[in-house]
Amino acid sequence: MINASKRETSMRSKYRLGIDAGGTFTDFVLADQKGNVRLFKALSTPTDPTKAIENGLKLISEELNESPASVISNCDLCINGTTVGLNALIQHKGGKTGLICTAGHEDSIEIRLGHKEDGYRYDPEYPSAVMLVPRYLRRGIRERVISDGSVKTPMHEEDVREACRLFQAEKIEAVAISFVWSVLNPQHERRAAEIVREMLPHVALTVGGELYPQIREYTRTSTAITNAYLGPILKRYVTAVDAYFRALGAKHPVRYFQSNGGLAIGQAMTDRSVYAINSGPASAPQAGLYVCAPFKQKNVITVDMGGTSFDITLTKDSLTNVNKNIDFLRYRIGVPMIQVETLGAGGGSIGWIDTMGILQVGPQSAGSDPGPACYGQGGTEPTVSDANLVLGYLNPDGLLGGRLPLDLEKARKAMRRIADPLGISVERAAYGIYTIVNNNMVNGIRRVSVERGYDPRDFVLVGAGGATAAHITSLAREMGITTVILPKLASGLCAFGQIISDVKYNYMATAPLRLDHDKAYRRITTLFHEIEAEGIKHLKADGFKPTDMVIKRSLDMRYVGQVHECTVEIGNFDISEKTIVKVIDAFHKRHEELYTYSERHNAVEVVNIESTLYGRVVKPKSPKLGKGATLSKAIKGHRKAIFRASGKSERVPVYDGSQLGAGAAIKGPAIIEEVTTTIVIEPGWAAKLDASGSYVITMRK
């Protein structure tokens with residue numbers, strides 16, 4: 001627990017709860033009116049996510065001596081970040097989906113613009129992506145709108161009815177509708193949707209021109225299909241979670257974290273399920289900026305190593321990269337998503353030997369069931385957690401304050417599956433796994449920094465996730481980063497990010513207009529007001545007053561004749577005859593930033609517009625640490641740890657993190673044991689605990 005400062009708070013109720021459901025652990029962060037922040041962890045239960053929530057609430061209840069119903073009824077916000085959508089997409093376990101599209105375009109999602117993923121472009125043996133809608137469930141409708149928005153071929157309604165009869169017979173759970181040029185004339189899509197709702201009232205329906213009203217038919221269709229495919233899964237999940245919290249007496253609707261970096265109520269998540277894909281890690285940048293604020297750091301790379309995966313986000317000058325129109329898990333997604341680089345590198349990642357006799361780590365994971373061998377739950381494969389235990393980094397007495405006991409002998413036995421075939425010691429095998437998983441993570445950090453033109457040495461590294469702290473100084477050293485910020489809440493940082501985030505909705509429209517046209521600015525301003533009216537209605541229904549709402553606008557623009565456009569932020573001013581000059585100048589400057597040149601003599605055109613609407617949520621009070629015990633009293637003991645490839649160990653002090661207070665300074669090599677994470681300070685590094693509750697770890701000169 002982190003104690004509070006004495007400043008007043010504005011939270012409406014006694015508590016605020018953030019829940020982040022990961023592949024191995026589900027994290028719970030509870031903030032109260034006094035500013036105290038508590039962190040709890042429970043094993044995830046993928047088959048029934050509410051079971052993990054129940055288990056976590058039991059832990060909270062035991063510590064507070066207060067019933068779960070009392071805690072929930074006294075929460076102003078209960079926020080849930082979930083991997084349900086992501087897991088359904090990874091495992092291809094979404095709802096059975098049908099597609100209604102323009103005749104002749106049934107195969108656009110399979111053709112994929114002729115694109116093959118980078119790295120496999122010339123590999124004829126690389127398998128095709130699994131289609132979320134099989135060919136026989138893609139039904140072409142005779143209709144055609146052309147590029148000026150006029151109707152060339154009226155829609156044959158009987159084609160839609162025939163498709164619905166097929167879907168009914170096939171027991172379809174979801175339907176996506178996407179017609180060519182529907183963004184300029186939506187009448188055919190709207191009529192088709194009316195027929196589907198009439199004949200199939202219980203299916204989850206996604207209309208492409210409403211979900212993603214942007215030019216580019218393939219992206220719009222793929223986004224609509226993905227949304228429909230995830231809709232039934234998210235609806236069941238949201239229904240179960242909402243009912244569970246209502247039964248406990250929740251006075252406010254559960255909020256869900258979206259991949260765009262904001263909150264939404266359950267209805268919005270079921271209607272816009274595609275926004276749930278990266279629900280969990282999308283809150284990391286917000287949390288990273290928050291913990292860096294006391295140090296005035298605005299360039300932040302946040303890394304989150306859990307039991308299954310490793311997530312990386314980059315924030316430059318307080319702005320986090322946002323992706324649109326990307327291939328995610330081989331499916332084109334058009335809607336805005338916080339840019340998260342994810343790889344299979346977690347505490348449960350399995351070490352194995354390939355056909356060349358070379359040691360590899362991941363992406364396979366032992367997950368939470370059976371888990372690493374050292375968990376004693378039936379796992380036998382050597383994992384990163386087993387390696388960390390053998391290396392002396394983890395406490396043999398167990399994790400989570402002893403609630404998760406560890407078995408060193410089982411870890412060593414699993415490690416022999418690597419050591420014996422390679423003819424090396426168990427210790428060297430463990431260090432090999434540790435080194436390789438670190439290299440994998442470093443390569444991921446390079447992809448979001450060096451490969452996108454950022455020098456990682458200009459950033460601080462923020463550690464999140466329960467497993468990160470054992471690797472953080474090694475990662476920083478490899479990247480040339482000299483400062484690491486590791487909050488005491490690191491293992492639940494994404495859950496913490498949720499409770500300090502705002503409600504956020506993105507709305508888009510297509511606006512193919514040249515800006516040298518006399519009336520272009522009027523059309524753009526009208527469109528902005530139209531799409532923002534929908535968002536304002538949602539925010540009002542969610543209880544926000546106009547004074548709590550913030551609107552930010554952007555335009556996708558390009559030079560006339562260009563194929564691709566770039567996004568230009570324009571604040572929230574209306575575009576008029578006077579301000580349109582500012583917009584054009586902003587585009588030239590943005591083009592120079594991205595491509596090193598501009599063509600100020602060339603005409604500029606708008607392709608799409610986008611408004612982001614925020615409902616500002618009152619933030620919990622900032623925590624503040626007091627003085628702790630002296631370093632000598634905070635030492636729990638000593639144990640042998642390995643920091644060299646030779647496998648040679650050295651005796652290092654082990655500190656009880658709960659005894660350390662503001663100003664505590666520790667030189668490596670050392671180990672700091674917090675309740676939910678273990679911090680390994682390698683030789684050559686030093687850590688100092690700040691009053692804000694974060695360890696500042698720096699490379700010693």
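Between the side chain of R452 and the backbone N or O of R447 there is at least one donor-acceptor pair closer than 3.5 Å. Between the side chain of N80 and the backbone N or O of Y256, no donor-acceptor pair lies under 3.5 Å. Looking only at distances, no side-chain donor or acceptor of T320 sits under 3.5 Å from a matching main-chain atom of T315. Formation of a donor-acceptor pair under 3.5 Å by the S349 side chain with backbone atoms of G346 is found in this model. Although no hydrogens or angles enter the test, the distance criterion places a donor-acceptor pair under 3.5 Å between the side chain of T223 and the main chain of G334. In this structure a side-chain-to-backbone donor-acceptor pair under 3.5 Å is present from D354 to G357. Between the K488 side chain and the G657 main chain, a donor and an acceptor come within less than 3.5 Å of each other. Although no hydrogens or angles enter the test, the distance criterion places no donor-acceptor pair under 3.5 Å between the side chain of K324 and the main chain of T567. A donor-acceptor pair is defined here as one N or O able to donate and one able to accept, closer than 3.5 Å; no such pair exists between the side chain of N323 and the backbone of I326. A donor-acceptor pair under 3.5 Å links the side-chain atoms of S259 to the main chain of Y275, judged by distance alone.
Around the CZ atom of R135, the shell of radius 6.0 Å holds more than 12 heavy atoms that belong to other residues, nucleotides or ligands. Y136 OH: more than 12 foreign heavy atoms inside a 6.0 Å radius.
For the residue pair T483 and T698, no side-chain donor N or O sits within less than 3.5 Å of a side-chain acceptor on the partner. With hydrogens and angles left out, the side-chain atoms of S385 and N388 include no donor and acceptor closer than 3.5 Å.
Contacts of Y218 classified as ring-ring contact (aromatic ring centres under 6.0 Å, His included), with partners at least two apart in sequence or in another chain: none. For Y595, the ring-ring contact (aromatic ring centres under 6.0 Å, His included) test picks out H591, with sequence neighbours left out. When the ring-ring contact (aromatic ring centres under 6.0 Å, His included) test is applied to F496, the partners found at least two apart in sequence or on another chain are Y290.
Taking the six-membered ring wherever Trp is involved, the centroid distance between the rings of Y331 and Y229 does not fall below 6.0 Å.
For the atom pair CD1 (I697) and CD1 (I672), the distance works out to 6.5 Å, reported to the nearest 0.5 Å. Atom CD1 of residue I681 and atom NZ of residue K667 lie 13.5 Å apart, to the nearest 0.5 angstrom. We find the CG-OG1 distance between L486 and T468 to be 8.0 Å, quoted to the nearest 0.5 Å. Atom OG of residue S279 and atom CG of residue L86 lie 9.5 Å apart, to the nearest 0.5 angstrom. Atom CD of E110 sits about 12.0 Å away from atom OG of S222, to the nearest 0.5 Å. Here the CG-NZ distance, from L389 to K410, works out to 12.5 Å after rounding to the nearest 0.5 Å.
Side-chain contact between M479 and S449 is present, with heavy atoms from C-beta onward closer than 4.5 Å. Between R236 and I233 there is a side-chain heavy-atom pair separated by less than 4.5 Å. Residues V300 and I485 have side chains not in contact (no heavy-atom distance under 4.5 Å, counting atoms from C-beta outward). Within the 4.5 Å cutoff, the side chain of T678 has heavy atoms near those of the I671 side chain. The closest side-chain heavy-atom distance from V450 to P456 is below 4.5 Å. Within the 4.5 Å cutoff, the side chain of R639 has heavy atoms near those of the N395 side chain. Counting only heavy atoms from C-beta outward, the side chains of V654 and E673 approach each other to under 4.5 Å. Annotation: side chain of L137 is in contact with side chain of K96 (closest heavy-atom distance under 4.5 Å).
What you find for C566 and L594 is that their closest heavy atoms are CB-CD1, 3.6 Å. Closest approach of G378 and P370 over heavy atoms only: C-CB, 3.8 Å. In this structure, S425 and A419 approach most closely via the heavy-atom pair O-CB, 3.7 Å. Across every non-hydrogen atom of R417 and T380, the tightest pair is CD-O, 3.3 Å. Considering all non-hydrogen atoms of both residues, G466 and T677 come closest at O-OG1, 2.9 Å. Residue G306 comes nearest to A467 through the heavy atom pair O-CB, 3.9 Å, listed as atom of the first residue, atom of the second, then distance.
Taking the six-membered ring for Trp and thresholds of 30 and 60 degrees, Y393 and Y434 have ring planes more than 60 degrees apart, a perpendicular arrangement.
Listed by first and then second residue, the salt bridge (Lys or Arg N to Asp or Glu O under 4.0 Å) pairs that reach into residues 302-315 come to none, sequence neighbours excluded. Within the structure, no pair that satisfies the ring pair (Phe, Tyr, Trp, His ring centres under 6.0 Å) test touches residues 342-364, not counting sequence neighbours. Sorted by first then second residue, the salt bridge (Lys or Arg N to Asp or Glu O under 4.0 Å) pairs that include residues 641-654, not counting sequence neighbours, are R644-E650.
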Problem set entry | side-chain contact (heavy atoms from CB on, under 4.5 Å) between N55 and L43, intermediate numbers included | CA-CA 8 Å; N55 293 338; L43 285 172; over 6 Å; no
For this session: Show your working on side-chain contact (heavy atoms from CB on, under 4.5 Å) between I481 and L475 and close with a plain yes or no.
Result: CA-CA 8 Å; I481 297 173; L475 299 180; over 6 Å; no
For this session: Apply salt bridge (charged side-chain N to carboxylate O under 4.0 Å, His left out) to R138 and D107, showing your working.
Result: CA-CA 8 Å; R138 302 177 219 151; D107 297 316; 3.3 Å; yes
For this session: Decide yes or no on side-chain contact (heavy atoms from CB on, under 4.5 Å) for V303 and I301, but give the supporting numbers first.
Result: CA-CA 7 Å; V303 293; I301 297 174; 4.2 Å; yes
Exercise. Going through the checks in order, is the side-chain contact (heavy atoms from CB on, under 4.5 Å) test met by V384 and M305?
Worked result: CA-CA 11 Å; V384 173; M305 184 183 186; 4.0 Å; yes
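The residue from T206, N325, T219, T221 that alone fulfils the side chain to side chain donor-acceptor pair (under 3.5 Å) condition with Y212 is N325.
Using a 4.0 Å cut-off between charged nitrogen and carboxylate oxygen, E173 and K235 do not count as a salt-bridge pair.
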